[in-house]
Amino acid sequence: MEKSKRDKVKEILRRGGERADVRVMGWVRTRRDSKGGFSFLEINDGSCLSNLQVISDHNIDGFQSYSEKLHTGSCVEVSGKLVQSQGKGQSVELQAMSIKVYGGADPEQYPLQKKQHSFEFLREIAHLRPRTNTFGAVMRVRNRLAYSIHNFFQDRGFVYLHTPIITTSDCEGAGEMFQVTTLDPGSPPMVDGKTDYSQDFFGEKTSLTVSGQLEGEVYAMALSEIYTFGPTFRAENSNTSRHLSEFWMVEPEMAFYDLEDDMNLAEDFLHYLFKDVLEHCQEDLEFFNKRIDKTILERHRGIVENSFERIPYSEAIHVLEKSNKNFIYSVEWGCNLQSEHERYLSEEVFKKPVIIFNYPDEIKPFYMKANEGGETVCAMDVLLPKLGEIIGGSQREDDHEVLMKRMKAKGLDTEHYQWYLDLRRFGSAPHSGFGLGFERLVQFVTGMENIRDVIPFPRTPKHARF
RNA sequence: UCCGGUGUGGCGCAAUGGUAGCGCACUCGACUGUUAAUCGAGUUGUUAUAGGUUCGAGUCCUAUCACCGGAGCCA
């Protein structure tokens, strides 16, 4: 194989025109035979949604010897001449001069057919589903969003911080954790009737991270503005279209930001991402708009063009109370907003993203900064129509005494968080941050209904195959 | 975890308690600058698993498992 010469389908289609010496490598999506002595092949190499139509005369070099293996799913290399297409449906096509099959795909056994499959079925063949239009498009969009997230923060001077995956601190209330241990689960060393973690690999009980926030704060208090973008693990037994046991989270943390700065950043961030993806993933988004959800393009443009609604929690409760809607869960000040409430606000009242801020202290974690009076804290959630919460953030409590009090009130072991408290003892500063669930973003952008279909290999309760 | 639903050829689905069928895919043939190709013929089943009721169970009952949807928790 001559490494120097390979043309990507995306580039071929972008440049168009007639050209000799074109060589593509990719997977056959469909083959149509003509008894006129030639075949049509559609080749996809993942560089874009579109296939390249190849027309191959049956006498060309390689066709006869490989014909048996040339079916949907097989991997091929085709060299030839790019010409204007005589048929409808494509402007150019590749007239094959030689063809080679790298690996065949027995049509009797290859599970992907030339037709639509249910996403449930495709999940069972997660190793083959990237070869479908939908999953190719999802992963290209996912890739662009990840790239765009880095661009956004890097342009603003944020430092990309790698927080640890293995941790001893739970970020309070963030959910059940996966334990990390090298002890024998069958017979761990015991002391006083309990597992003796001093004999474990790290000498104490450790888990997979549920959030990099606390460690992120440490570096924000030195580098001013940081962000993390990494895997996060929650051992919650939640089985919904919006939850994964392993997912990716983006967590910026900024010194000298108050809650309003935090909300501004979150809004700018989402605006930036939607604008960027609309610009750079046109073909894929049009596909989603046509095949998955006919409203996404319009909705995304709406998000880019309009500012978000911002409403304090107390006012949101007020709006809900006088709505005359029959909610399953009744509304009163102090309650957690339920999915139905959030959806009502973002979908029916405001019809756009909504930021709710200043939540009651009692329903939020210890690290959030108390507002005057102490009833509410500087928390904010960004709600998207249909999807619900995509961002949760807050200004952090930066007063040592107040934080100590809050931790004790919520029953936390202050010893254990000494290093976190130290940030307030030495050179404390007002600071804020938020967390964005990356897969939820991909879900919203693509219109995919199930979060398991926007990550390459989903991990959910009872499912860690592949 | 709770509530509801579903589980039938490779895939998508059908079958008042009475002979398991259709579409797609696949195989063969015909036709064709084709493009969700078209036309004809053909192959494919321990009806999720284990019990039970019944003369007889895909269908009814019990349990288990899996999946889907909703809820809770959250991102």
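Naming: A, B, ... by sequence-line order, numbering from 1 per chain.
The only option from A:Phe308, A:Phe152, A:Tyr227 that meets the ring pair (Phe, Tyr, Trp, His ring centres under 6.0 Å) definition with A:Phe269 turns out to be A:Phe152.
When the ring-ring contact (aromatic ring centres under 6.0 Å, His included) test is applied to A:Phe287, no partner is found at least two apart in sequence or on another chain. When the ring-ring contact (aromatic ring centres under 6.0 Å, His included) test is applied to A:His71, no partner is found at least two apart in sequence or on another chain. Every residue meeting the salt bridge (charged side-chain N to carboxylate O under 4.0 Å, His left out) condition with A:Glu397, not counting sequence neighbours, appears here in chain and number order: A:Lys369. With sequence neighbours excluded, the residues that form a side-chain hydrogen bond (donor to acceptor under 3.5 Å, both in side chains) with A:Arg142 are A:Glu439. For A:Glu286, the salt bridge (charged side-chain N to carboxylate O under 4.0 Å, His left out) test picks out no residue, with sequence neighbours left out. Here A:Arg129 pairs with A:Asp453 under the salt bridge (charged side-chain N to carboxylate O under 4.0 Å, His left out) rule; sequence neighbours left out. The salt bridge (charged side-chain N to carboxylate O under 4.0 Å, His left out) search around A:Asp276 returns A:Arg144, not counting sequence neighbours.
Nucleic acid contact for A:Phe233: none, since no nucleic acid atom lies under 4.0 Å from a heavy atom of the residue. Within the nucleic acid shown, A:Gln86 comes within 4.0 Å of at least one base atom, counting heavy atoms only. Note on A:Phe40: a base of the nucleic acid sits closer than 4.0 angstrom, heavy atoms only. Residue-level contact check: A:Gln90 touches the bases, meaning some heavy atom is under 4.0 Å from a base atom. Within the nucleic acid shown, A:Ser339 comes within 4.0 Å of sugar-phosphate atoms alone, with no base atom in reach, counting heavy atoms only. Residue contacts for A:Leu244: at a heavy-atom cut-off of 4.0 Å it reaches a base atom on one of the strands shown. As judged by a 4.0 angstrom heavy-atom cut-off over every strand, A:Pro107 is placed among residues touching the sugar-phosphate backbone only.
Residues of residues 49-57 of chain A that place a heavy atom closer than 4.0 Å to RNA chain B, in numerical order, are A:Gln53, A:Ile55.
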Inset, instruction - Indicate for each nucleotide in nucleotides 36-44 of chain B, in 5' to 3' sequence, whether protein heavy atoms under 4.0 Å reach the base (B), only the sugar-phosphate (S), or nothing (-). - result: -S-------
With 3.5 Å as the limit, what N/O pairs link the protein to nucleotides 63-68 of chain B?
residue, atom, partner, partner atom, Å
B:rC68, OP1, A:Arg123, NH1, 2.3
B:rC68, OP1, A:Arg452, NH1, 3.0
B:rC68, OP2, A:Arg452, NH1, 3.0

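Using modelled atom types and a 3.5 Å distance limit, the side chains of A:His58 and A:Ser39 yield a donor-acceptor pair.
At distances below 3.5 Å, not a single donor-acceptor pair connects side-chain atoms of A:Arg452 with backbone N or O atoms of A:Glu120.
Taking only distance into account, the side chain of A:His243 meets the base of B:rC74 through a donor-acceptor pair shorter than 3.5 Å. At a cut-off of 3.5 angstrom, counting only N and O atoms as typed in the model, there is a donor on one side and an acceptor on the other between the side-chain of A:Glu93 and the base of B:rG33.
The local environment of CZ in A:Phe229 is crowded, with over 12 non-hydrogen atoms from other residues, nucleotides or ligands closer than 6.0 Å. By the neighbour-count criterion of 12 heavy atoms within 6.0 Å, atom CE of A:Met139 is densely surrounded, having more than that number from other residues, nucleotides or ligands.
Residue pairs meeting the salt bridge (Lys or Arg N to Asp or Glu O under 4.0 Å) criterion with at least one partner in residues 45-68 of chain A, sequence neighbours excluded, are A:Arg6-A:Asp45.
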Inset, instruction - Fill in the dot-bracket string of RNA chain B, one character per base: . for unpaired, | for a pair to another strand, ( ) or [ ] for pairs within the strand, taking Watson-Crick or G-U pairs under 3.5 Å. - result: (((((((..((((....[..)))).(((((.......))))).....(((((..]....))))))))))))....
